[in-house]
Structure formats: C-alpha cells, structure tokens
Amino acid sequence: MVVKKKKEISVDVLSLDSPNIQKLKTFTDDTEENLPSLLLHCLQLQDGVQQIHCIKKTVPLLQGLPGNSPDAEPFRCCLDVLSEMYFKVGTKNPLKKVLASSLNSIPDLCKSVAVSSFTSCLRKDIGTEDAGNYRKVVDNLASCMDSFSLGARCVLSLLPEVLQFLVKVLYTFQSQNKKILGDGLAQTQLMHDLLTAVKLSMVLVQKCPESVQRDDQSPLRKTMFDLLCSFCDILLDDDLLQNIQSTAGMAVILYLKALLRDGDNLTHLVNNLILGCQDSTDVPDWFTARCDALCRDLPDTALLFLCQGALAMLEWKDGELGCGGEKLLINLLTVLLSLSARLRESSTALYLSRILALWTCSAIDLLSSSCIKDLKENLNGHSNSLCRLLEYVYVHWEHPLDAVRHQAKLVFKNILKIHQVATDGQSGDQDPFLSELTHKLLNLEWHSKGKYASLACLVECVGTETLLSVDERIPSQILDVMSDQSFAPYASNLLEAMFINHKKQLQVTRESCWAERWQDVWVTPLILRLCEEHVAHTTYIIDYYLPKLLKCNPDSLNYMIENLKNSASLNIGSGDNRGALGALMACLRTARTHGHLRFTEKYTWSGRVSTDLIQQGLVHRHDQIRIDALGLLCESHWSTEVVSPEEMDLVKFFLKYNLNCQSPSIRQQLCYLLKKLFCRVQESSQVLYKHEQSRTLRGPERADSEGDPCSALKNYTEFMSSITDYLFQSLFPGSSHPTRFSALTILGSVAEIFPVGTGSCQSVFEFAQSVSANNVRALLHCFSNTFEEVKLLAFELLRKLPPSVVGLQNPQKILVLLEAAMNLSTSTKHFDCVTASYLLNFLIHQEALEAALGELGHKTSNDLPSTIDSSSTVERNTFNVIRTLMDHLEYEIIQAETSLLEAAASFPLYGRVHCIIGALQQFSMGDVSDVVQWRRLLSRLISMSYRLSAIVSPVVHSSSPEGLMPMDTESEAAAQLHMIMSEIKPRDTNDYFMQPRILQKGDDLHSQALPEDRVPSNTLCAEMKGGEGASCSVTAQMVLVCCWRSMKEVSLLLGLLCQSLPLQTDPDTPQGLITVEQVVEMGDYFKHHLLQSRHRGAFELAYVGFVKLTEMLIGCEEESLRCLPRQWLCNVLEEIKSSDPSSRLCATRRSAGIPFYIQALLASEPKNSKAGLLKMTMKELISLAMPSSDSSGNTSTIPQVHALNILRAVFRDTRLGENIIPYVGEGTQAAILGFTSPVWAVRNSSTLLFSTLITRIFGVKRGKDERSKKNRMTGREFFSRFPTLYPFLLEQLEIVANTVDR
C-alpha cells in the first residue's frame, strides 16, 4: 500500500500587546498550571499550532469554574484576554474556532461575566473609524454568528449599534468602488468585502426577535430603514458584480418582510414592485421616502434579482403569505418569462434559469399546502403558465452553457411534479397531458439533445413500458445515435433511466421471469451492435452505456459471456466490425474495470476465458480491439490485485507486436494502460511483502492454501527487468518514431513508479539499477531525433536517473557534449537548435559543467568571468550557460549587422536565443541568490534582443516578405532585384537589400563542410572568400526563415521574461529582476511588431509573447503597469478610426497582427470582472464595421476592413467564452451588409467574418454531411438567442425579393 505523506499545516502566530497582559502576569503561579499561566504561555509561543493546543487545555479549566468563584478578578482578566485574542486573530486561522469553543464551554453561572467582557471588546471593535479595518470587523461579526452561541448573544445585545456600523460600512464600500473603477484587483477585493457585509446584514435581521423589528419607535427599525436604502442603491448599481446585486435583491425582500406586519401587505407591495405599478396609495410612507428608486421603472437586472429575492426569502409553504401569494406566484412567472426574451448576456441567462427553477420549487411548495381550486387550474399541464414555461425549456434545452441546460432539465422535471400535484397524482397512462407530451417528445428527431433529458424525466412519471408500447425500437434508435460522442452522454443517461425503471416495473409484474424480458430489450441489441457495427461507432457505447448496464444488473455479464464465448474463436471480425471476439474483449474489460469480475486468485490466473482467446485479441487486425485486450490485462477495479504470471507473459507478447503502432491515439492508450499495470505491480507488491512477513505467524497449511508471495514477488522483479531491457533495446539507431515514442513513454512511467530510494517502502524493482552506460548513450542519441516529443521524453527520463548512472562526473565527457551543443545551436536546420537546447538543459543539471565551460572558454580564447555566488549548482550553471551563449550571440549580431546574408547562410541567430529560453526555464527565477549579477545579465539580454530584432525586422515588416530576395544570381536578375527593392523600400539599414549578393564556394563541393556541421567561420559566402572562389546562391527562403524564426524567438524570450521574472518596483529594493521601465519597453516592442509585421509566423508568435505580458500586467500591483492594457487598446482603436494615410497599420493580409494585438488585450481582462474593455471594444468595432453613412465625405473603407477582420478574430477566440455571444447578432448584420459593398476588401472580410459567425452559432462542423444534424438549431431557438436578426433578415429578404421581381 502506498504511504501518503501528512500534509503540513501552517498556522499564523497570534501576538497580543494589551494592558491586560501585564495584569495577567500578576495572577500567574509558577507552582501550578492555572488559567492565567496557560494564557500567558500561549501568547509567548512562536508556533501557531502549539498555540491551538495550548488554548485547548484551557477548556477543562473553564468548564470546572464554580459559579461563586473567589478568584473573580483573575477570571475576568482571563476572559478579557480571551476576548481580545478572539477579535485579534484572523478569520481563516483555525485558532479562532478553538477560541470560540473555549468561550462556549464556560458554565452558565459564569456566562454573564463572559458576556460582559466579550461585549466590551465587540463594542470597541465596531467603534473603529479606520475604513481599512472594516472588513476585519465584518469578518469578526460573521464569525460570532457562525456556531458561536456566546458571540451571537453579544452581537444581538448590541444589534442597533452593529446595524449602524453596517450602514456606515456599506456606504463606505460603495463610495470606494466609484473611486477605483478600472483597478481590477482592488475592485475584486472590494466586491468580496461588500458581499460579505450584505450577507451579514441578512443574517442579523433573521436572528433578530420580531417584537423588536416591528416596534415603530425602536432605533433598530430606523437603522433597518437605512440599510434597506443601501440595499436599493446596491441593487441599482451596474458597476457592481451581479452576485452582489443578486444578494442585495434578496436582502431588500428580507428587510421588507421584517418591516411589514402583514403578509397580505407584503405580497401586495412586492406585486407592485415587480409589475412596475405606480400606485402609491397602499405603499408605506417610509418605503416611498427611502426606496423611491424602486417605485420607478426598474432595469431588467434589478427586476430579475427582486424576483429572485421574492422566491428565495418569502415563505411559500403553509399559506403564510395569505391570499395574495397565489397571485404573486403567477405574476412572478409572467415577469420572468418576459425578461427571458430581453436579457441577452450569458450571466443573466444563467441567473434567470436558476430563478425559474426556484420558481418551480416554490410552486410545488405552495400547491402542496394549498387547496385553492383556481391555483391548481392555473398550474396544471394545459394551463397557459406551464405552457409558456415549457416553451422556455424547449428554447433553452440546448443552450451553449451547461448550467443553463441543467436548469432547463430541472425546470422540466419540476413542471411534471407541479402537474401531478395540481391533478392530484393522476396516473401517467390516463393523463392526457403526459400522453401528449410523450408523443410530442418521441416525434422529435434523436439529434436533439434536449429530448434525452426530458424523456429521462418523463420516464419516472409514465414508466418505460409506456414508452416501449409507443415504439419498441427506442433502445435501438438511441444506440444508433451513440456513435457520436456529443450525444453519447445524453443518450446513455436516458437509457440508464429507462432500463432502471424497466427493471423495477418488471420485478413488480413478472416476479420470476423478468430477467429474460429485460435482457431481450436492453442486452441483446447491445451485443448485436458490438459484433456487427463499425469499431469506431461502438466506442462510446462501451464507454458510456455498458458500465451503467452492468451496474444495474451484474448478472447480465454471464448472459453476454455465454453468447459471445462460443463463437469468439470463429467470429473474429471482418471488414470494420469487432466480431464476437472483439465484443467479448470489450465486455470483459469493462466488467473487470468496474469490479464485476476478477481474473486472479491465489496469485494465479483464474479468468473466465482462455489465454488463447486473449492472445488472439492482442494481435487483432483492429487497433481498438488490441487495446481492449490489453486493457483487460492491465485494468482492475482493485489497485492491489496481484498480476498473475499469465498476464505478464501476455503483456510481453503484446509489446513484441504493438510497440510500433502508427496511430497516435492508440499509442497514448497503450502507454497509459501499461502505466496502470505498473502501478498495480507496485501497490500489490506492498501487500505481498506484508503477506510474506505474516507467513511465519501462520500455520504452514494455511500459508500454502493462500499461495506463495515470494514467488509472486520474484515474478514481478523478472517481469519488470525484462520489460525494461526490451524497451531499451527498441531504442536502436534507426528505430521508427512510433517505437521510440512508445518505448520512452513507457520507460518514463517505469522510472516514475519505481524511483531511486523509495523511503521506508520496499520496492520490488529499482529502475536505475537496470540502466547501463549503453542505455544512457541511447537516450542521449534520442536528442538528435527530429521529433521534439522524443527529445522531451528522453530529457525527462535522463533527469530521473541519479548522477552515478548517468556517468558524467568527468568534465572532459561533458566538454564533448557541450561543444556539440554550441555547434548545433548555429545550424541552419531548425531542429538542430532544438537538439542543442535539450542537450544544454540536460548539462545544466550536471555538477562538472562549470569546469567544462571554463575549458571551452580557454579553447575559444574567451576567459569566463567569475561565476555568481550561489550554493545551487543549477543556478550557477544556468547563469554561466546563458552568459556563454550571449557572448557568442553578441559577436554574431555584430557580423549580422554587417551582412544578414552571411548570418542566414552560416550562423542563423535564432538558435542561440532558443537555447537561452530553454536554459531560463530550468531554474525558478524567483529564487536567485545573486540578484545584482542576474540583473546585469538580464538587462544585457533584453538589450541584445532589441538589437537582434532591429536586424531582422525589415524583412518581416516588408509588404512582401516571402519574395524579398529572388533566388537568381545572374546580372540581369540582379538588376531586376534592385528595381523590386526600390519599389517596396523596406525600412532598414542593411546594405544587402540594395544589391544581390553572390556567395562563394569551393570548386570541390564534397571537400567543403556544410554550414550546419561546423562552427561559423569567414569562409562561407561572398564576404567570406576562401581560396577556392566558386559561387552559390543564398535563397530568399533562407533569409526569410532566419528572420522570422529570430523574431519568433525574441518574442518568446521577452514573453518568458515578463512571465517569470519578479518585478523590481523600487530601484533600491533588493528584490526583483526586471524594472517597470523594462516592462514598458517590452510592451512598446510587442505593440510595434504586432501592428507592423507582415509575416504571419512572426506576428502570431509575437502574440504568444504579448499574451504573457498582458497576463502579467493585469495582475500587477503597480498602478502604472496595470492600466497599460486599457491605454493601448484605446490608442489602437483611435488609430483605426482615424484612417490616417500616414498610419503604418497593415490593411492587407487580413489586417496582419492587429487582430492578434486586440485579442491579447481583451483576453487579459479578469474573468470575474464586468468585461468593460470587451463592451467598449465591441461597441466601437461594430460601429466601424457597419456601412458608413458619413456625410462629411470621408469614404475610406480601411477602418471598416480593420473592424471586420478584428471582429472575426474576436469571435473565434474561445477565451472570451459566452461574453461574446450578445454581439453575435450585430456582427452578423455587419457581415451581411458588407456583402453589398462595392469594395472587394470589404466583401472579402465580410465573407470571412460570416463564416466565423456561422461556426460560432452552430458549432464546428466535424463531418462531411452537408446537412449535418448536429450543426443546426430550430428557428424558435435561433431567433430566441438572437432576436435582433429576425427583423433584419426579414428586411433583407424583402429587399432581395423585390429585386428578383424586377
């Protein structure tokens, strides 16, 4: 069994500086452990956990106090200290609960003294004038009301003062919110504070005695008026989060309920509020004076939350609302359904769905306690109210939000309950409403997701037999749909509801022969499909349906095995189906995984089928059947089930034929299953060790009857050794990528499960001991593989090996690898620099690297400066590797500034930068030791990045970067190049753009080393003439690849620095590695390149770095940095609107990097905010995207093209989630209107936008069927989600129809 480490608990230490401490010292007694001594000792401790244990010791002493204690003064002093401790300690500190428990334990005869002491501290606490302490005081009050009887008693005794304090708190928090608009972090904290205060106000009024609430002259009632006024302000404040407004809506109703004496008056007032009635004759004067804003036309959100408050806070049971309750209930539904047609934002749609579900619960409560005939007639299935509610369900049962779909299902389920209560439980087969509903749902096609959830609810009312009597093919029809993963969960849930209900029905009606009928209906269609359907079509039936079927009736497994076992050896599948063999493997695997089947007993094989059948499945023609057979061996419901020798032999047999699997998904499953098997080996071995130790305590006969754990453990060791050896042998030179990937992944699992030094647990196998020097060389050779995932797997596996196994303690061995890595980092083959990066990352963790770097510096005549002062080997090596790479890069940048052609052909600059990025990721930059040295190094690195970017940016900023340099080397082509360069005139200082370059190469081509195989030298191109003197061309592709890859690496590097480096806010502070000025410079850099790059590869990767920067800015505590995203966004929108001819924004290439720039800024907004940037941006963009009606004569379409392209990118961005849905309607209008533009650029951008919107509305089309049943919705659902499109599309169709008629 795996031993889990105990989680370490960190508790803050409480320190108290009070005059009572000095007083307490006078009552201490060194000879015995009394209460004052314990408290004083507790306050002197420097460990929070020990303080908790010390306070717990006071409980018996407090419980044993006599009522007439002679030590009244010491006792009062102790209570004063305990009370002060309670108010001083933080809310999340567990010491607070312990203190509350100790104070609660005081005997009743002494409670009055405790209440007096605690009340004194409480009065002092709520008397604070410091707004910064308000939240702490509110938390203390809330803690007092939470399972703390003494605290609640004291709070209620000071209730008027506490409520007055809350009035002040709410006003202060609202005022502060107005001042910090735009400050995301501060606003989030303030919202939480405000929400806590509102909730506390509700708790207090619920605990308050009714006699005090309804006393017109009491100061408490006047304070409640003030609080009610504050709640109204919060409810109507759109700058606050909706959950705060929602809570305020409930608080308004709760306070009205407390202040009004009569239930009829309450329902009448709430009715007037939600219906917007202006009649004030029956409205109390105090309400009109303080809540005048609620008497006007309310915003939709405020009205929604008032409805929620009425449903949540009023008592709908037992007729407490009087005769007006029924009318109010119907009116609430009317208002909510009218709001559903107006509220478009996803958040409000979610609130509305929850409130409607709450309405159905309230209706059930009211119906259950009411005998009024009119109410039952108004709430039966055929009533207008429930019909409208059903319409809501039909519209929203396929809503994009899961939560809305779930609430729609709950509403439907409650509608059925409401109908049954209203009709006094009429049986389903005799109920016309249920009968009509059943036929209506069954007539819908099976590609409607809402149908499944509704039918599952209906089954509970009418029974499965009723549905089968309508159509016996229902189980088969549902199984047909389960080939689609998007429908499989819904279909399986319906099937589960049906066969569980069917089983109950059959057990009642057919006591003995129910199983035969049940299996004919539910199991036989399953077996038929598993045998005959396409393998891919049965995957989700096995995953979703089969486990639920076996859980409902485990005996059905025997039925499956008997039907499949006899024909499995003959029917092995043909074409694309599983056959009986594949079906049997799937059923057995599922049964074993879910605990319905065991395959080992007494450590040996005891399977229900022969190993020959399983072996046949392991080499089946279909990948999935082979995986099912392997899963049967590897997976088990019991993680400690012993792996039998037969299973081990079958696994080894499987690996021989399946390690080279070509399918990536099958490879992933293979590796995952084997990892589960190894976990079983490890966990069951711990059980075997325990059995072995206990064998000596048992009799020999009993020990023999239980099997031999020693032999099982020996089999484990041999099995793991043979698996490891075979996998390392598979890494031979020339082995295929699938073989290497599978072998390395499985070896990584072995190394993870059987690590070096497992502590107190005995290990049946140690991976490191089975790794030889040849195995290490094979892993190092994997770094040269062209697939990066192979490099990564090899690197991770090498990192898990101890230094003694790796064998690189000798600096000379490391030097060879180091030189190879430095040479590869300048190769023209991009995968070589990736190899160099992984090699350097591996060497960084070797202690001898420092000496090897010193020898490398002597070889290249570069003396390595003294290293940094750090005890961490990884930090020193990381620093030295980065510095070495930067030294080489600086020299190469100087050469590239002279000739970029030479750099592209012989030493591409991006390789060094890529290696630096990899090295930076090997060490947490927040834990550096020598801050000064790191600051200098990183500052130099940032400057070097800007220099490198300046060299390559002219190419990627060119209006035609792909053709910037032709491949011809003739003089005629050279003249043509000069003419082309004059036309595009890129902004640069490199002279190579103005004339073609002729590279020189030796006559004997085979005697020359390739650029990627040697260190860059001055013998490669025209400026690098050697003794031979022949020429060759440098292609445009070579220059372009060098430039855009360099730009990519620089962007990724700067993004990484922003994300990982701690910020230095003060020049004199010893913390932080990157300054505010450097962050601003990086922002300007990204802005420049995103808005001006023409090459897609360059600006897409600049976007990746810019996203990291914006994520850092939005969570930054520095005010000047946090406001940058909003400033940048406003500036770029203004530049787009201006349509200035001098603007450098790219109007072609789908606006190039501009959409990416705006995407990054919008996605940086906190998800719990009001999405102010998104709302502002969408308003501007949609305005620009619409056809211009400018009468000033400005007919430029460039802003419109930019807006359409940006909208396309924004609608495609999944990170914006459902916040973008309210703008789909207007975006569609802009796209359709853009089709009529005479400008081709507008029409083109409009077409692309329209295509994106169709995908956003209907989902990604994954099939070839042009009439896809998945990517569609009903007209009712479509126009309910996007109501503005109905009149617009109608108008456009009328225009087209009139044109056709002419």
Side-chain angles (χ1 to χ4, degrees), residues 1-5 588-589 591-612 614-615 618 629-655 672-727 746-747 749-771:
M1 303 253 271
V2 177
V3 179
K4 294 183 179 179
K5 293 182 179 179
L588 290 174
R589 177 189 180 185
R592 189 180 189 190
T593 303
H594 291 84
H596 304 296
L597 194 64
R598 269 188 181 271
F599 265 49
T600 55
E601 187 176 347
K602 298 179 184 179
Y603 316 142
T604 58
W605 176 265
S606 62
R608 295 284 300 274
V609 295
S610 67
T611 56
D612 292 338
I614 298 178
Q615 195 172 58
L618 291 172
L630 178 65
L632 172 61
L633 300 172
C634 297
E635 293 180 310
S636 175
H637 185 68
W638 299 274
S639 62
T640 56
E641 183 179 358
V642 176
V643 183
S644 66
E646 290 82 0
E647 288 176 299
M648 298 179 200
D649 293 338
L650 287 170
V651 169
K652 290 190 281 188
F653 171 79
F654 173 85
L655 284 177
Y672 170 70
L673 289 172
L674 287 174
K675 183 175 182 178
K676 293 182 79 171
L677 178 68
F678 299 148
C679 288
R680 250 180 75 201
V681 169
Q682 170 64 9
E683 295 191 20
S684 62
S685 69
Q686 304 305 307
V687 178
L688 290 173
Y689 279 121
K690 288 188 176 182
H691 287 179
E692 182 184 10
Q693 293 168 4
S694 62
R695 288 190 79 201
T696 56
L697 303 177
R698 303 180 182 182
E701 295 181 0
R702 187 176 177 187
D704 292 338
S705 66
E706 294 183 358
D708 183 12
C710 291
S711 61
L713 289 168
K714 183 179 178 183
N715 291 335
Y716 276 3
T717 304
E718 293 174 354
F719 170 66
M720 294 307 304
S721 297
S722 64
I723 288 287
T724 304
D725 292 342
Y726 178 74
L727 292 173
I746 299 168
L747 284 170
S749 299
V750 176
E752 178 184 343
I753 297 167
F754 302 97
V756 179
T758 54
S760 58
C761 294
Q762 290 178 285
S763 181
V764 71
F765 175 73
E766 286 196 9
F767 173 71
Q769 293 181 358
S770 64
V771 180

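Heavy atoms only: backbone and side chains are in, while hydrogens, waters and symmetry mates are out.
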In Å, rounded to the nearest 0.5 Å, how long is the span from [atom1] of [X] to [atom2] of [Y]?
{"X": "Arg680", "Y": "Cys634", "atom1": "CZ", "atom2": "SG", "result": "7.5 Å"}
{"X": "Leu588", "Y": "Leu632", "atom1": "CG", "atom2": "CG", "result": "5.5 Å"}
{"X": "Glu766", "Y": "Thr717", "atom1": "CD", "atom2": "OG1", "result": "10.5 Å"}
{"X": "Gln693", "Y": "Tyr689", "atom1": "CD", "atom2": "OH", "result": "9.5 Å"}

Does some side-chain heavy atom of [Y] sit less than 4.5 Å from a side-chain heavy atom of [X]?
{"X": "Arg598", "Y": "Trp638", "result": "yes"}
{"X": "Ile746", "Y": "Leu655", "result": "yes"}
{"X": "Ser636", "Y": "Thr593", "result": "no"}
{"X": "Leu674", "Y": "Ser749", "result": "no"}
{"X": "Asn715", "Y": "Met720", "result": "no"}

Can you see which heavy atom on [X] is nearest to which on [Y], and at what distance?
{"X": "Ile614", "Y": "Ala629", "answer": "O-CB, 4.2 Å"}
{"X": "Leu633", "Y": "Glu647", "answer": "O-OE2, 3.4 Å"}
{"X": "Gln682", "Y": "Ser763", "answer": "OE1-OG, 4.4 Å"}
{"X": "Ile723", "Y": "Lys652", "answer": "CD1-CG, 3.9 Å"}
{"X": "Glu635", "Y": "Arg592", "answer": "O-CD, 3.4 Å"}
{"X": "Cys679", "Y": "Ile753", "answer": "SG-CD1, 3.6 Å"}

Under 3.5 Å, is there a donor-acceptor pair between the [X] and [Y] side chains?
{"X": "Ser684", "Y": "Tyr716", "value": "yes"}
{"X": "Thr640", "Y": "Glu683", "value": "no"}
{"X": "Thr611", "Y": "Glu646", "value": "no"}

*Does CZ in Phe653 sit with more than 12 non-hydrogen atoms of other residues, nucleotides or ligands closer than 6.0 Å?*
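Check passes, neighbour count above 12.
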
*asked:* With a 6.0 Å cut-off on the ring centroids, do Phe754 and Phe765 count as close?
replied: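 Yes.
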
*Please confirm whether the backbone N or O of Glu718 pairs with a side-chain atom of Ser721, one donor and one acceptor, at under 3.5 Å?*
no

_I'd like to check the side chain to side chain donor-acceptor pair (under 3.5 Å) partners of Glu752; sequence neighbours left out, ordered by chain and number._
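For Glu752 the side chain to side chain donor-acceptor pair (under 3.5 Å) partners, ignoring immediate neighbours, are Lys675.
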
_Phe719 and Phe678 aromatic ring geometry - parallel, tilted or perpendicular at 30°/60° bounds_ =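 Tilted.
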
